[in-house]
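Please read the structure below before turning to the comments.
Just so it is clear, the values below take in all heavy atoms, side chains as well, and ignore hydrogens, waters and symmetry mates.
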Amino acid sequence: MVKFDGFLKVYRESVDDEEESRDEFIHVLPPLKKGQELTRREISAIERTSQGPQRYTEASLVHKLEELGIGRPSTYAPTISTIQQREYVVKGDKKGEEHKFLVITLKGKQVTQKYRTETIGSDKGKLLPTDIGIVVNDFLMEHFPSIMDYNFTAKVEQDFDKIAEGKQQWNKMMKGFYKDFEPTVEATLNARSEHKAGERQLGIDPKTRKPVFVKIGRFGPVVQIGTAEDKDKPQFAHMPKELSLETITLEQALDLFKLPRMLGEYEGEPVTVGAGRFGPYVLHKKLYTSLPKGTDPMSISIADAVRLIEEKRKQESQKHLKTFGEDAKLEVLNGRYGPYLAYDGQNYRLPKSMHDKAKDLTYDECMAVIEKQKK
C-alpha cells in the first residue's frame, strides 16, 4: 500500500497491456495492521493456457544475435533482409484464436462459474516463419546439426578475429572446417530419401482413391493427388498463402482442386477461373486477370469476370504506346516511372526529354537510344 506518493504524484511508469489483462482480477490491498484478522470477501480461480514464446521482431532478433555472439553489426541488416527475400519468414500480423476460459468465484457461500473469452496467439509486426522456412530449418537441423549449433557460429567469429589479428592462418582454419563439412555435404547429396522434405500425407481422395500429399514444390507449397508411380500423372494445386503445410486439412486440400472452373463464354471464347502461384485469376483468350483481394473464386459470376477482363484490356492498351511493323521485337511501353523501350526481351530507359513524344518516336530514334545504352 502506498502511504506517500512522492514522485508518483507527477510520474508513473506505464504498465504493459498484457500485464494489465493478467492482473484483471487482482485488487489493491487496503492498509493492514500486524495481527489483524482477515476474512475473505471473494476468491476467484481462473483457468489459464500456456503459450509459446513471442515471435521475433527485427529489433528483438538483432538483440538475440548479439546475445548469442552470432554475426557482427555489419551483418545484421543483410541477414534480416536475406531471410525475408528468400521467404523463409514474412513480416506481418497473425490473427489470434478466440479461446474460452473458465472463472470460478466463491463469494460468501455462493460458488459461481462463468466462461469468458480471450484472444491468444496473435502477433503484430513480427517475423513469422513460412512453410519453406520451417522445412529448410528442419532439413538443416537433421543433416547439419553441428553447423546449426549457435556455439559453432560464435566460435567461427572468434577464429575470424584471430585471423584479423594475425594470430591464426586463414587457410589452416578453412582446411580444418572443410575436412568435416565436405563429407557431410556429399553424404547429404547422395542420400535418397523416400519422402521429400516437408512432405506429409493428409489422407485419401474419395473420388480417385489416391493418396493426397502436401509438400514443397518448385514454386512453393503444393497439394498433390497421386504418386509418380501411378499410370496417370499426379494432380497438383498451389497452396494459398493463408494455408500452412502443418495445419491444412484433407477437406481444405481437396477444395483447391475444384479450380479451374468454367464460368461461361464471352466473345465466343470460354472464360475460366483458376488458381496459380500468385493467387486466383480469370483466363480469357490467353489473357490472365488476377482476382481482387478477398474475391472468392468459387462464387464469382460471369458478369464480374467480364468486367475484370475489360479493365485489364484497358490497362494493357494504356501500357502499349507504340509497336513497329518492321520489327516486332521493338515496342514503346508505359511503365510505373514513365515510358520505356522493350527490345528483344530487354528493357531500356527512355531519356526524360523524349517522354512527351514517346508515341511519335520513329524506329531509328528508338534504336539509337538502345545502341547508346548497350555501349
Do the charged groups of [X] and [Y] touch, with an N to O distance under 4.0 Å?
X	Y	value
Glu311	Lys314	no
Glu310	Arg307	no
Lys167	Asp161	no
Asp159	Lys155	yes
Glu47	Lys100	no
Arg72	Glu157	yes
Lys285	Glu265	no

Using the rule that two of Ile, Leu, Val, Met, Phe, Trp, Tyr join whenever any of their side-chain heavy atoms come within less than 4.5 Å, decide whether [X] and [Y] are in one cluster.
X	Y	answer
Ile163	Tyr178	yes
Leu68	Val62	yes
Val156	Val185	yes
Leu140	Ile147	yes
Val90	Val135	no

request  = Evaluate the ring planes of Phe181 and Phe144, with Trp represented by its six-membered ring, and classify them as parallel (under 30°), tilted (30 to 60°) or perpendicular (over 60°).
outcome  =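 It falls in the tilted class, 30° to 60°.
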request  = Please state whether the rings of His284 and Tyr266 are parallel, tilted or perpendicular, taking 30° and 60° as the class boundaries.
outcome  =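 Judged by the thresholds at 30° and 60°, the geometry between His284 and Tyr266 is tilted.
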So, for [X] and [Y], which heavy atoms are closest and what is the spacing to 0.1 Å?
X	Y	value
Thr184	His143	CG2-O, 3.5 Å
Val212	Asp205	CG2-N, 3.7 Å
Met239	Leu245	CE-N, 3.7 Å
Leu263	Ser301	CD1-O, 4.2 Å
Asn334	Pro339	OD1-N, 3.8 Å
Val89	Pro129	CG1-CA, 4.0 Å

ask   = Stepwise, does the side chain to side chain contact (heavy atoms under 4.5 Å, CB included) test hold for Val273 with Leu291?
value = CA-CA 9 Å; Val273 60; Leu291 293 188; 4.0 Å; yes
key: Test: Arg48 cationic atom under 6.0 Å from Phe101 six-membered ring centre, within 45° of axis   =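 Geometry flag: set, cation within 6.0 Å and 45°.
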Quick check: do [X] and [Y] have side-chain heavy atoms less than 4.5 Å from each other?
X	Y	value
Val214	Val222	no
Leu283	Val271	no
Pro270	Met262	yes
Leu256	Gln235	no
Arg86	Val136	no
Thr105	Glu42	yes
Thr249	Leu202	no
Tyr76	Pro73	yes

query = Step by step, would you call Glu246 with Ile134 a side chain to side chain contact (heavy atoms under 4.5 Å, CB included)?
reply = CA-CA 10 Å; Glu246 293 189 331; Ile134 292 168; 3.7 Å; yes
Distance-only polar pair, side chains of [X] and [Y], donor-acceptor under 3.5 Å:
X	Y	answer
His99	Thr117	no
Lys215	Gln224	yes
Thr57	Ser60	yes
Glu58	Gln84	yes

[X] side chain to [Y] main-chain N or O, any donor-acceptor pair under 3.5 Å?
X	Y	answer
Asp304	Ile300	no
Ser81	Ala77	no
Thr130	Glu87	yes
Asp93	Gly125	yes
Thr247	Leu243	no

Please say whether more than 12 non-hydrogen atoms of neighbouring residues, nucleotides or ligands are located less than 6.0 Å from [atom1] in [X].
X	atom1	value
Arg41	CZ	no
Glu67	CD	yes
Tyr56	OH	no
Met141	CE	no
Glu97	CD	no

key: Arg313 and Glu267: CA distance, side-chain angles, deciding distance, salt bridge (charged side-chain N to carboxylate O under 4.0 Å, His left out) verdict   = CA-CA 14 Å; Arg313 283 180 181 176; Glu267 297 176 343; 2.7 Å; yes
key: Steps toward side chain to side chain donor-acceptor pair (under 3.5 Å) verdict (Ser146, Asp149)   = CA-CA 5 Å; Ser146 59; Asp149 187 353; over 6 Å; no
Nearest 0.5 Å, what's the [atom1]-[atom2] distance between [X] and [Y]?
X	Y	atom1	atom2	answer
Tyr340	Leu321	OH	CG	9.5 Å
Cys366	Leu361	SG	CG	4.5 Å
Thr79	Ile70	OG1	CD1	9.5 Å
Phe139	Ile132	CZ	CD1	14.5 Å
Phe213	Ile225	CZ	CD1	11.0 Å
Tyr150	Lys64	OH	NZ	7.0 Å

task = May I have the step-by-step check of side chain to side chain contact (heavy atoms under 4.5 Å, CB included) for His355 and Lys352, ending in yes or no?
result = CA-CA 5 Å; His355 281 199; Lys352 282 189 178 179; 4.2 Å; yes
task = Verify side chain to side chain contact (heavy atoms under 4.5 Å, CB included) between Lys91 and Lys126, making sure each step is shown before the conclusion.
result = CA-CA 6 Å; Lys91 186 179 177 182; Lys126 300 289 178 69; over 6 Å; no
